[in-house]
Amino acid sequence: MPLLPGAEPFRHEGGETAVLLCHGFTGSPQSMRPWAEHLAGRGLTVSLPLLPGHGTRWEDLGVTGWQDWYAEVDRELRLLRDRSARVFVAGLSMGGALALRLAARHGDAVSGVMVVNPANRVHGVAAHALPVLRHLVPATKGIASDIAKPVVRELGYDRVPLHAAHSLRNFFRLVDRELPQVTQPLLLMRSPQDHVVPPADSARILSRVSSADVTEVLLEQSYHVATLDHDAELIFRESTAFIGRLAPGAVREPGLGKEGTTAGG
């Protein structure tokens, strides 16, 4: 299937410090593109891959699972490590869970973690029925585009395939068990008004990671997809400050230093 316009992956060759960005469940790189472009403009090497089953039609997501999504970001991390002095990982929603698992499994190969409204579990009564319900109902209503900012839309599916949702539920359980292995500096940014992921998910993550260096930032003006919302600039500032503190000299002012190249598709 052809990609939806705007769902293309994003890559930028910058300096020796790299950032791997992970988009959310049923979403696409479009939700993270402004963040990726901001980081690239500060001289960083950036990779924002398209997760398998995303960016085309919801039926394609239904034949993939968490192993496929995680394998994609794991591969990208290994590629970045081969050509970068240090790598930071970041993610939105499910992408936050992917980033946290990368940190848990790769240890010192990850210099820091930045997550926005990270998801930790599938909520609601229906979640417990997923093992059976997924064989009876192919999909349910979508979760994309929870954004406070008028007119702005997230490029995501309007349906959630239940086979994929069941796999996501299993993935969250796995990541939750691995959270104590996360020791890297952590920047967690969350929206108090989030209609997709409740505050309990961020609280659970903060209570279970072993990171000694933890910063929590509230995104007061945004809903779930805060990377496209009113607080996007706050996310950009906080993340570049976080990277700059941990990797002095890595962040440059726009227009200075190596230009790099940007490629989509």
Side-chain angles (χ1 to χ4, degrees), residues 1-10 21-36 48-70 72-73 91-98 115-172 190-191 193-198 201 219 222-232 264-265:
M1 290 294 297
L3 290 183
L4 297 171
E8 302 85 2
F10 174 92
L21 296 163
C22 311
H23 69 75
F25 182 64
T26 75
S28 75
Q30 177 259 358
S31 64
M32 307 283 278
R33 183 72 178 248
W35 192 5
L48 170 54
L50 173 66
L51 300 179
H54 293 76
T56 53
R57 56 177 191 163
W58 69 261
E59 290 90 346
D60 295 330
L61 181 57
V63 295
T64 67
W66 74 260
Q67 296 90 341
D68 304 299
W69 316 324
Y70 180 75
E72 181 66 20
V73 295
L92 167 68
S93 194
M94 178 191 76
L98 290 169
V115 293
V116 175
N117 293 323
N120 180 253
R121 59 175 293 189
V122 175
H123 295 270
V125 177
H128 300 287
L130 275 175
V132 174
L133 193 61
R134 65 193 175 107
H135 297 293
L136 305 174
V137 180
T140 187
K141 66 178 182 179
I143 57 173
S145 216
D146 183 36
I147 300 172
K149 196 172 186 178
V151 183
V152 178
R153 301 290 297 171
E154 178 189 14
L155 182 62
Y157 296 146
D158 59 1
R159 304 288 289 170
V160 175
L162 294 192
H163 280 295
H166 179 257
S167 183
L168 179 65
R169 180 172 180 251
N170 292 337
F171 179 62
F172 286 156
R190 66 175 182 86
S191 304
Q193 298 184 76
D194 186 330
H195 305 100
V196 178
V197 174
D201 284 32
L219 308 172
S222 301
Y223 294 163
H224 182 63
V225 191
T227 49
L228 297 178
D229 216 329
H230 293 293
D231 292 301

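Values below: all heavy atoms of this structure, side chains included; hydrogens, waters and symmetry mates excluded.
- Contact of the T64 side chain with the L51 side chain is not registered, since no non-hydrogen atoms from C-beta on lie closer than 4.5 Å.
- Annotation: W58 is not in aromatic contact with Y157 [ring centroid separation under 6.0 Å not met].
- Nearest heavy-atom pair across M94 and H23 is CE-O, 4.3 Å.
- A97 approaches A119 most closely through the heavy-atom pair CB-O, 3.7 Å.
- Under the 4.5 Å side-chain criterion, counting only non-hydrogen atoms from C-beta, V160 is not in contact with L61.
- Between the side chain of D194 and the backbone N or O of V196 there is at least one donor-acceptor pair closer than 3.5 Å.
- Across all their heavy atoms, R33 and E8 have their closest contact at NH1-O, 4.4 Å.
- Side-chain N or O atoms of S28 include one that pairs as donor or acceptor with a backbone N or O of L155 at under 3.5 Å.
- Looking at H163 and V63, their side chains never come closer than 4.5 Å, going by heavy atoms from C-beta outward.
- Proximity of a side-chain donor or acceptor of D68 to a complementary backbone N or O of P52 within less than 3.5 Å is not detected.
- In terms of heavy atoms, S191 sits closest to A226 at OG-CB, 3.9 Å.
- Taking CG of L228 as the start and OG of S145 as the end, the distance is 8.0 Å to the nearest 0.5 Å.
- Looking at S93, its side chain never comes within 3.5 Å of a backbone N or O of G24 through a donor-acceptor pair.
- More than 12 heavy atoms of other residues, nucleotides or ligands sit less than 6.0 Å from atom CD of E59.
- Between the side chain of D158 and the main chain of G142, no donor-acceptor pair closer than 3.5 Å is present.
- A distance-only check finds a donor-acceptor pair linking the side chain of T227 to the backbone of S31 [under 3.5 Å].
- Here F171 contributes atom CZ and F25 contributes atom CZ; the two are 12.0 Å apart, rounded to the nearest 0.5 Å.
- In this structure, R57 CZ and R159 CZ are separated by 14.5 Å, a value rounded to the nearest 0.5 Å.
- Looking at Q67, its side chain never comes within 3.5 Å of a backbone N or O of S167 through a donor-acceptor pair.
- Across every non-hydrogen atom of L50 and L3, the tightest pair is CD2-CD2, 3.3 Å.
- Put simply, the side chain of D201 gets close to the backbone of N120: a donor and an acceptor are under 3.5 Å apart.
- The two atoms that bring L48 and A36 nearest to each other are CD2-CB, 4.0 Å, heavy atoms only.
- Inter-residue side-chain proximity for V152 and V225 is flagged as unmet; no heavy-atom pair is nearer than 4.5 Å.
- Screening H195, H224, Q193 for a side chain to side chain donor-acceptor pair (under 3.5 Å) involving D146 leaves a single residue, H195.
- Taking CG of L98 as the start and CG of L21 as the end, the distance is 12.0 Å to the nearest 0.5 Å.
- In this structure, the side chains of F10 and M32 stay at 4.5 Å or more apart for every pair of heavy atoms.
- Residues W66 and L168 form no side-chain contact, since every pair of their non-hydrogen atoms from C-beta on lies 4.5 Å or further apart.
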